[in-house]
Structure formats: structure tokens, C-alpha cells
Number of protein chains: 2
Amino acid sequence: MKRNSRLSLALHTLRHMAGNPDRVQTSADIADHAGTNPVVVRRVLGRLREAGLLTSEKGHAGGWKLARAPESITLADVYLALDESLIATAPQEQPPACSIEHALHRRVSGVMKEIEESLIERLRETTISEVRGE
Amino acid sequence: MKRNSRLSLALHTLRHMAGNPDRVQTSADIADHAGTNPVVVRRVLGRLREAGLLTSEKGHAGGWKLARAPESITLADVYLALDESLIATAPQEQPPACSIEHALHRRVSGVMKEIEESLIERLRETTISEVRGE
DNA sequence: ACTCTCGCAACTAACGTTGTTACAAGACGA
DNA sequence: TCGTCTTGTAACAACGTTAGTTGCGAGAGT
């Protein structure tokens, strides 16, 4: 699939949890609803747990739950937790060998970094609670 | 390699041409300088030709040349010619089935589109002539 | 004990990108 | 006209990334 799908899965799941913050959901439930696989769910939500957005418990009544108030979780938090870095400029491993190439890379990287900043800025304006189907 | 490399190759080549606008260069020369393959060069530069930035000629004195004044070619022109669409949101082929998923997709797509606009805006500020190694 | 859950590692499959080979078609000069 | 240089294009291999899948171990709870 696309680069997008991890972010989609994460947001989708969090948004559902935001509507019912105390309910514990298993990976299997989530996978079922999202049309994917429990292992994939654990992979993605594991990132969110590392970032402090979710908690997980093993055992009978185990599963996933929000770790914080949904009003305090922005789209940017999710984006950053996954560190997708949509705006990728390859880190130019080779020594430039051509000053033009070097200058171009610097220029483009600069713009990309700026743009990624503003993307994050923009995502930070919305919390997961605020997105709702009409 | 990375998503980035087509854009890098295109910009690198155009920048060199901008410094010597009347010289005709073969794909082999360009590939050699960029450390890649003539076929790859033709693939990438072919896009630029379709966009009206370059011309190509077959035969003995054939090769590639700028189609326009280098001062009139911006980084955005190159980016758009390649239609890389760095900011990809998958076009959600499936019917949503879940209104939350739908709303999220709309929200995220909206932000992404905005961001891509501002990237292009930003790239439009610089012409290929203006980038130079110090 | 038994069962349910997450955690994790390993493997497969699909996809996109680059690189490579091969060949056809057009342009030019001898 | 013939040979040679070039682009144009198709087909294929190589590689990396991602999602999906299977299997097994480790905790938690009954």
C-alpha cells in the first residue's frame, strides 16, 4: 500500500478511541474494523505507545487505551510519533563532487525542511477529538 | 533509490545547461556526469521535454538543449514537470464504510494539498540560474 | 492449568524505482 | 546509399519499502 496507510490507521483508531476513552480495544477488534491485520495494528500502535499516546495491557481484559485526554492529542502528535517524514530528501551519502549538485541539494533540502515544519504546524491545530464525520 | 533522485537529476542537469545554454549535450554525457545511465537520463529529461523545458534532437549533432531562457525556468516548473507529488495522500479507492475514516481522510488530504501548494509556491521563487555553488 | 492478550521475529508478496540490455527510428555526413 | 550517431521505447533484473502472514514466547487474569 501507500506511505499513507500507517498514518490513516493510527488516526482512524485514535479517533474512535477519543469517542469512548475508557473502553479497552484489542488489536483484533481494531484490525477487524480497519480491514487489516492484528500484527499490523500492533506495529503501528506500538509507535504511538512509545510516544506516550496509548497504553497497552496483556491478558484477559487487555488491549489498547488512550494514555492521555483526547483533547490533548493533535494530528501532529500522531504524525511525529510515526516519524514518517513525508517530505523526504535523501541525505546525500556521496561527497558532492560537483558544487552545483551540492548547492542544489542544500537549496532543496532547505525548502523541504521548511515545508515539513509548516505541515507539522498545521497538523498541530487539530486534535483528534475535533475531527468528526458530519 | 529514493523518491528524490529524479528531481535531483533533473535539477542538476538543468542547472548545468543554464550555465551554457547553447551547448547540446547527449544523454551519455549527462549520465556520465551524474553517475547514472543514459536511459534513465532520457526517461527523466523526456518529462521535461513534454513540459516544454527542453528540446531533444536525434542524429549526429543531436542531444538535449534548453527550450527556454534559463531565467524563466523555476524549480517549481521542474517539480511539476515530473509530477512527483511528494505530498501523497492515497485517493481512498474503497467506499468509506466508516464516517470517521472519511472525515479524517478529508481533513488530512486538505492539509496535504495546502502544503503541496505552498511547496510549489516556495519553489517558484527560485530559477535554475539562481542556484550556484559558492 | 488454561486462556486471552500483546510483543516480536521471520518470512512472503506486492509495488515502485533504478539500472541494464536490446532494438527500432530518425538525422547527418561521407 | 551507407554507415554512424543519437534519441525513443520496451522488456527485464535488482533493490528497497511496505503490508500481510505465521509462529512462538511472555504476561495477566480467571
Side-chain angles (χ1 to χ4, degrees), chain A residues 1-10 12-13 17 23-51 53-67 82-94, chain B residues 1-10 12-13 17 23-51 53-67 82-94:
Chain A
M1 277 213 182
K2 282 284 146 49
R3 180 64 143 300
N4 198 278
S5 85
R6 280 199 292 249
L7 184 59
S8 293
L9 173 58
H12 185 182
T13 304
M17 288 175 165
R23 170 144 168 246
V24 172
Q25 277 187 294
T26 68
S27 303
D29 292 342
I30 296 167
D32 212 48
H33 179 75
T36 179
N37 190 287
V39 179
V40 174
V41 170
R42 285 196 272 271
R43 277 209 279 256
V44 173
L45 299 194
R47 302 283 197 104
L48 304 186
R49 186 191 43 210
E50 289 168 18
L53 304 180
L54 287 177
T55 59
S56 63
E57 295 288 344
K58 296 178 179 176
H60 253 113
W64 299 89
K65 224 181 66 171
L66 288 178
L82 299 176
D83 65 341
E84 304 240 312
S85 179
L86 282 197
I87 323 291
T89 46
Q92 192 155 53
E93 57 283 348
Q94 291 301 87
Chain B
M1 277 213 184
K2 282 286 147 48
R3 181 62 146 299
N4 198 277
S5 85
R6 281 198 292 249
L7 183 60
S8 293
L9 174 58
H12 185 183
T13 303
M17 288 175 163
R23 172 146 166 243
V24 172
Q25 277 187 292
T26 67
S27 302
D29 291 343
I30 295 168
D32 212 47
H33 179 76
T36 181
N37 190 287
V39 178
V40 173
V41 170
R42 285 196 272 271
R43 278 208 279 254
V44 172
L45 299 194
R47 302 285 197 102
L48 303 186
R49 185 193 43 213
E50 289 167 19
L53 304 180
L54 288 177
T55 59
S56 63
E57 294 288 344
K58 296 179 179 176
H60 254 112
W64 299 88
K65 225 180 65 169
L66 288 177
L82 299 176
D83 67 339
E84 304 242 310
S85 178
L86 281 196
I87 321 291
T89 46
Q92 193 156 49
E93 57 282 352
Q94 291 302 86

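Here is the naming used below: chain letters follow the sequence lines, and residue numbers restart at 1 for every chain.
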Do B:Leu66 and B:Leu54 come within less than 4.5 Å of each other through their side chains, counting heavy atoms only? yes

Distance, nearest 0.5 Å, that separates [atom1] of [X] from [atom2] of [Y]:
X	Y	atom1	atom2	value
A:Asn37	A:Arg43	CG	CZ	8.0 Å
A:Leu53	A:Arg47	CG	CZ	12.5 Å
B:Leu45	B:Gln25	CG	CD	9.5 Å

Between [atom2] of [N] and [atom1] of [X], the distance in whole Å:
X	N	atom1	atom2	answer
A:Arg47	C:dC6	CZ	C1'	17 Å
A:Asn37	C:dC11	CG	P	18 Å
A:Leu45	C:dC8	CG	C1'	15 Å
A:Lys58	D:dT30	NZ	C1'	18 Å
B:Gln25	D:dT7	CD	C1'	15 Å
B:Arg42	C:dT17	CZ	C1'	18 Å
A:Leu48	C:dC6	CG	C1'	15 Å
B:Glu57	C:dG29	CD	P	13 Å

Hey, is the side chain of B:His60 pairing donor to acceptor with the base of C:dC28 inside 3.5 Å? yes

[X] side-chain N/O to [N] phosphate OP1/OP2 under 4.0 Å:
X	N	value
B:Ser5	C:dT18	yes
A:Thr36	D:dG20	yes
B:Ser56	D:dT7	no
B:Arg6	C:dT18	yes

Sugar-phosphate only, base, or nothing, as touched by B:Gly63 at under 4.0 Å among non-hydrogen atoms: sugar-phosphate

Closest to the A:Val39 side chain, choosing from D:dA26, D:dG20, C:dC8: C:dC8

On DNA chain C, does the nearest nucleotide to A:Arg43 precede the nearest nucleotide to A:Ala61 from the 5' side, or the other way round? Give the residue. A:Ala61

Please find the pair of heavy atoms, one from B:Ser27 and one from B:Pro38, that lie closest to each other, and give the distance. CB-O, 3.9 Å

